[in-house]
Amino acid sequence: MKKIAVIGCGAAGMMAALAAAQGSGSVTIFEKNEKPGKKIYITGKGRCNVTNACDVNDFFGFVKRNPKFLYSAVYDFDNRAVMDFFENNGCHLKVERGDRVFPVSDHSSDIINTLYRAVQKAGVNVLFGTEILSVEAMGGRVSAVTYSSKDDPITREEFDSVIICTGGMSYPSTGSTGDGYKFARNLGHTIVEPRPSLVPFETKEDWCRQLQGLSLRNVGLKLFLDDAQDSKASSEKDGKPSKGKKKKDKPVYEGFGEMLFTHFGVSGPLVLTASCHYEKEKKGRLLLDLKPALSEEQLDMRVLRDFEEGLNKSFKNILGGLFPSKLIPVMVELSGIDPEKKVNEITREERSAFVKLIKNVPMTITGTRSFNEAIITRGGVSVKEINPSTMESKLVQGLYFAGEVIDVDTETGGFNLQVAWSTGHLAGVSQEQSAM
């Protein structure tokens, strides 16, 4: 019987182990934590956004890097298959806004327990508190792993196959500390630089910090990435301002939803999704639309109506119907209009500029938060060195990868967990095929 080692008892690891065991392999999971699914437990704010119920053909539009690599994995074990798995194993699910799928109980522990019970039922041997130190290969094929535990300081055991499901580097307190990258690199694999993704932005403006704790709903957000060299070229051409539409004027991301101001900048679902498109080598800036449901013309009419209803009021006292109270002083300051100026003294030009500001509140990105606050990791083992039809390494026979350790990442909404389920399942079922 083929001996299979799975490194990591998270979403990808348990699904891979389950699929491999059902194919009559002898499977052992090595997990350095003392319990399964530690990262699953905190996903979806403790509710676990299991997957997304979108049409499977639309799924790939939410994958930000290397979507074609996932075709075989996702079509082999798609979101409906994932939902059926949990439903058939007694964990009932529900679909919420944005096609996000959660357990009916709203407890991520139910997802973990359901999956772990299935793993146990399949006869998988799980070693908790056991850390893999190295993965060995001989003659171009996986040969053994070396591990340590409380009872055995150093143990070397031979395996026919190893599936690396160690996750990335986000939320390192859950055990995702980049171990899989080390194993892969030592076996000759290329690691695309790991970076935080689905992560809050740090901003230059002090007023963002003044608004700490303020949450805005139903707002629009655009992310622009300005190449420093392009910016210089666009501002000056032959000693004259460059004319025409610049590439930098086109947003790399545009979305609608909820965001939050913090002590360092901005966060919230809208910002986290925007971060998928951020490149730290470029100058990032955000434009916030506080009234996305209204065109500039419609908003101007709305502002004019408010002004007409309070002609003798000061500017700062006429804005209660437009913004939350905490935001009013900031918007007044950004407008450049004297807060004590009477509304009937505000010029058409000032009003027009104010309307444009409401639709385009500027923020300058200085960077992202660290892996400690990132939901996922961008980067990882290069997909060029992994067979997309099996998840097996193209460099080392018997070595497989699944989940976040691979250079594939998606937007929020359950898509990243679907990648874990799909790639884990494919790596697992491929064990039986490779044994033939």
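FYI, side chains are in, hydrogens and waters are out, and symmetry mates aren't considered; it's all heavy atoms of this structure. Just so it is clear, the model here is predicted, and its values are computed rather than measured.
Annotation for K35 and F128: closest pair C-CE2, 3.4 Å, computed over non-hydrogen atoms. V408 and L70 make their closest contact through CG1-CD1, 3.3 Å (heavy atoms, listed as atom of the first residue, atom of the second, distance). The two residues K359 and P292 come nearest to each other via the heavy atoms NZ-CA, 3.8 Å.
Ion pairing between a basic and an acidic side chain is recognised when a charged N comes within 4.0 Å of a carboxylate O; E279 and R378 show such pairing. Using a cut-off of 4.0 Å between Lys/Arg side-chain N and Asp/Glu carboxylate O, R65 and D409 are scored as salt-bridged. Ion pairing between R285 and D226 holds under the 4.0 Å rule for side-chain N and carboxylate O. Classification of E404 and K39 as a salt-bridged pair holds, one side-chain N sitting under 4.0 Å from a carboxylate O.
Remark: side-chain polar atoms of S148 are not paired, donor with acceptor, to backbone N or O of I154 under 3.5 angstrom. In terms of modelled atom types and a separation under 3.5 Å, the side chain of T423 and the main chain of G403 share a donor-acceptor contact. At distances below 3.5 Å, at least one donor-acceptor pair connects side-chain atoms of S430 with backbone N or O atoms of L426. At least one donor-acceptor pair under 3.5 Å links the side chain of N66 to the backbone N or O of D407. At distances below 3.5 Å, not a single donor-acceptor pair connects side-chain atoms of T273 with backbone N or O atoms of L270. Without hydrogens or angle criteria, K38 side chain to N33 main chain gives no donor-acceptor distance under 3.5 Å. Without hydrogens or angle criteria, Q298 side chain to S295 main chain gives a donor-acceptor distance under 3.5 Å. Formation of a donor-acceptor pair under 3.5 Å by the K2 side chain with backbone atoms of Q431 is found in this model. Counting only distance, with no hydrogens or angles, the side chain of N113 and the backbone of S109 share a donor-acceptor pair below 3.5 Å. A donor-acceptor pair is defined here as one N or O able to donate and one able to accept, closer than 3.5 Å; no such pair exists between the side chain of T377 and the backbone of G168.
Interatomic distance, L299 CG to F354 CZ, rounded to the nearest 0.5 Å: 8.5 Å. Taking CG of D179 as the start and CD of E131 as the end, the distance is 6.0 Å to the nearest 0.5 Å. In this structure, CE on M391 lies 7.0 Å from CD1 on I386, to the nearest 0.5 angstrom. Distance check, rounded to the nearest 0.5 Å: OG of S176 to CD1 of I376 gives 12.0 Å.
Residues forming a side chain to side chain donor-acceptor pair (under 3.5 Å) with S215 (at least two apart in sequence, or on another chain): E258. For E193, the side-chain contact (heavy atoms from CB on, under 4.5 Å) criterion is met by R195, K280, not counting sequence neighbours. In this structure Q397 satisfies the side-chain contact (heavy atoms from CB on, under 4.5 Å) test together with R141, E392, sequence neighbours excluded. Residues meeting the side-chain contact (heavy atoms from CB on, under 4.5 Å) test with I365, sequence neighbours left out: F201, L223, Y278, L286. In this structure, the side chain to side chain donor-acceptor pair (under 3.5 Å) partners of S105, at least two apart in sequence or on a different chain, are D110. Evaluation of the side-chain contact (heavy atoms from CB on, under 4.5 Å) rule for P324 yields L214, L216, L327 as partners, not counting sequence neighbours.
Shown here is K394, whose NZ atom has more than 12 heavy atoms of other residues, nucleotides or ligands within 6.0 Å. When the shell of 6.0 Å around OH of Y41 is examined, it contains 12 or fewer heavy atoms from other residues, nucleotides or ligands.
Within the structure, side-chain hydrogen bond (donor to acceptor under 3.5 Å, both in side chains) pairs that include any residue of residues 119-129 do not occur (at least two apart or interchain). Sequence neighbours left out, the pairs with a member in residues 155-165 that pass salt bridge (charged side-chain N to carboxylate O under 4.0 Å, His left out) are K3-E157, E136-R156, R156-E158. Among pairs with a residue in residues 362-372, those fulfilling salt bridge (charged side-chain N to carboxylate O under 4.0 Å, His left out) read E202-R369, R369-E373, at least two apart in sequence or across chains. Listed by first and then second residue, the side-chain hydrogen bond (donor to acceptor under 3.5 Å, both in side chains) pairs that reach into residues 77-86 come to none, sequence neighbours excluded.
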Just list the side-chain donor-acceptor pairs under 3.5 Å for residues 182-192, sequence neighbours left out, or say none.
unit_1, atom_1, unit_2, atom_2, d
N186, ND2, K182, O, 3.3
H189, ND1, E385, OE1, 3.0
H189, NE2, S393, OG, 2.7
T190, OG1, E385, OE2, 2.6

Give the table of side-chain donor-acceptor pairs shorter than 3.5 Å for residues 44-51, with sequence neighbours excluded, one pair per line with atom names and distance.
unit_1, atom_1, unit_2, atom_2, d
R47, NE, D106, OD1, 3.0
R47, NH2, E96, OE1, 3.1
R47, NH2, E96, OE2, 2.5
R47, NH2, D106, OD1, 3.0
N49, OD1, G414, N, 3.0
N49, ND2, T51, O, 3.0
N49, ND2, V101, O, 3.1
T51, OG1, Q418, OE1, 2.6

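Note: F77 and H425 have parallel aromatic rings, judged against thresholds of 30 and 60 degrees for the angle between ring planes.
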- Task: Determine, step by step, whether F60 and Y75 satisfy the ring pair (Phe, Tyr, Trp, His ring centres under 6.0 Å) criterion, reporting the C-alpha distance in whole Å, the side-chain angles of both residues, the deciding distance to 0.1 Å, and the verdict.
- Result: CA-CA 11 Å; F60 303 100; Y75 283 120; 5.4 Å; yes

